[in-house]
Amino acid sequence: MSSLSTQASTTLPPLLENRIVLGCGAIGVDFLATVASYPKPDDKIRSTSLMVQGGGNAGNALTCAARLGLNPRLISKIADDTQGRGILEELKADGVDTSFIVVSKEGNSPFTYIIVDNQTKTRTCVHSPGFPLMIPDDLAKSSLTSALDGARLAYFDGRLPETALVVAQEANRKGIPILIDAERKREGLDDLLNLSDYVVCSAKFPQAWTEFPSVPAALVTMLLRLPNVKFVIVTLGEDGCIMLERSVNQDVHPEEMDVDSVLEDLKQRKDNNTAMPTCISSIVTKLQAKGIGTVSGRLLIGTAEKIPPSDLVDTTGAGDAFIGAVLYAICANMPPEKMLPFAAQVAAAGCRALGARTGLPHRTDSRLAPFLELTTQMVQ
């Protein structure tokens, strides 16, 4: 005698149909040395571990995106040296299309010395740029056209400013949305920001760029100065992130609300007892920054995962991992309430291993199941 029973199972959704993203920016080699504590001047110490791994903001972010299921293409430049060949091999192994990377017969590929302090859980970077630097003439018109063909999204880390601007202008002309990683004020960054649809900032950037004292007021200023930007996110490390999303709906709450007060209210609503990433949102309203102006939209707080000290290994590349996840989330049309915890979860996974790429999760990682898996019902 047979009986019917219903049980739930989870399965990964099919890969996104339109999953090509183009990135332009920094790649290199990271020499990571872990030390018990950061050395004092003129000290001689021993490392407790050493790793040599591919790095660079764009290289890391696109590696993350590839592991999540996107098809990234990368525009950058290296030299035909041992380090450069290693960079290409590692990117290819992770599924990043390297056919648009320019290889110089002379010079040196970029590299960075990174000291990881086990005592403070911080990292110190000493970067050596590659030579010769990339210029727009390095990228043939036909290569640029091919690189952008079918792209769902274009991403720039603010490096290679002259080349990046040429690529961004062509992406903009073709109607391809643009995401900018605004890590710090750089030459040519303003030109890229003026073409952007999405901006992800480091903690200090909004106030440095706008010269306004509070982060919420600086975010309002950014949306006022950059009328095409749909959202701006500022990442705050273990304190999570803050997002200001512009509203496309003109029928918003009629009352103006002070943006600093809205942020304080959201902070009060945070559940500090939850270890996993969460997201809290304000209503869509007119957010006012005193003496600056108003923006119709909503403010969101995303929390970071609370990583036990015993699990926290290295924060190198955490911001790049966050951006890689945001690239995926945009392509997957994730709402911000899902995107922010997802990106935080991906970044936290990367912090559990040495180097920017070692801990980056693949889409099959069980920790990503709540964000990527579909629930189906099986009847037997």
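All values below were derived from every heavy atom in this structure, side-chain atoms included, with hydrogens, water molecules and symmetry-related copies excluded.
- When every heavy atom of Arg367 is checked against every heavy atom of Pro361, the shortest pair comes out as NH2-CB, 4.5 Å.
- No side-chain N or O of Asn57 forms a donor-acceptor pair with one of Asp157 less than 3.5 Å apart.
- The side-chain heavy atoms of Phe212 and Ile292, taken from C-beta on, include a pair separated by under 4.5 Å.
- Inspection of the Thr34 and Thr48 side chains reveals no N or O donor paired with an N or O acceptor under 3.5 Å.
- Counting heavy atoms of neighbouring residues, nucleotides and ligands inside a 6.0 Å radius, atom NZ of Lys174 exceeds 12 of them.
- Atom CZ of Arg269 has more than 12 neighbouring heavy atoms from other residues, nucleotides or ligands inside a 6.0 Å radius.
- Ring geometry for Phe111 versus Phe31: interplanar angle over 60°, hence perpendicular rather than tilted (30 to 60°).
- Remark: Lys92 does not engage Glu89 in a salt bridge, criterion side-chain N to carboxylate O under 4.0 Å.
- Of the N and O atoms on the side chains of Asp81 and Ser109, at least one donor lies less than 3.5 Å from an acceptor on the other residue.
- Sorted by first and then second residue, the side chain to side chain donor-acceptor pair (under 3.5 Å) pairs involving residues 215-239 (not counting sequence neighbours) are Asp197-Lys230.
- Among Ile20, Val21, Val326, Asn18, the single residue meeting the side chain to side chain contact (heavy atoms under 4.5 Å, CB included) criterion with Leu153 is Val21.
- Of the listed residues (Val262, Asp260, Leu263, Leu223), just one forms a side chain to side chain contact (heavy atoms under 4.5 Å, CB included) with Leu287, and that residue is Val262.
- Scanning all heavy atoms of the two residues, the minimum distance from Arg159 to Ala26 falls at CG-CB, 3.7 Å.
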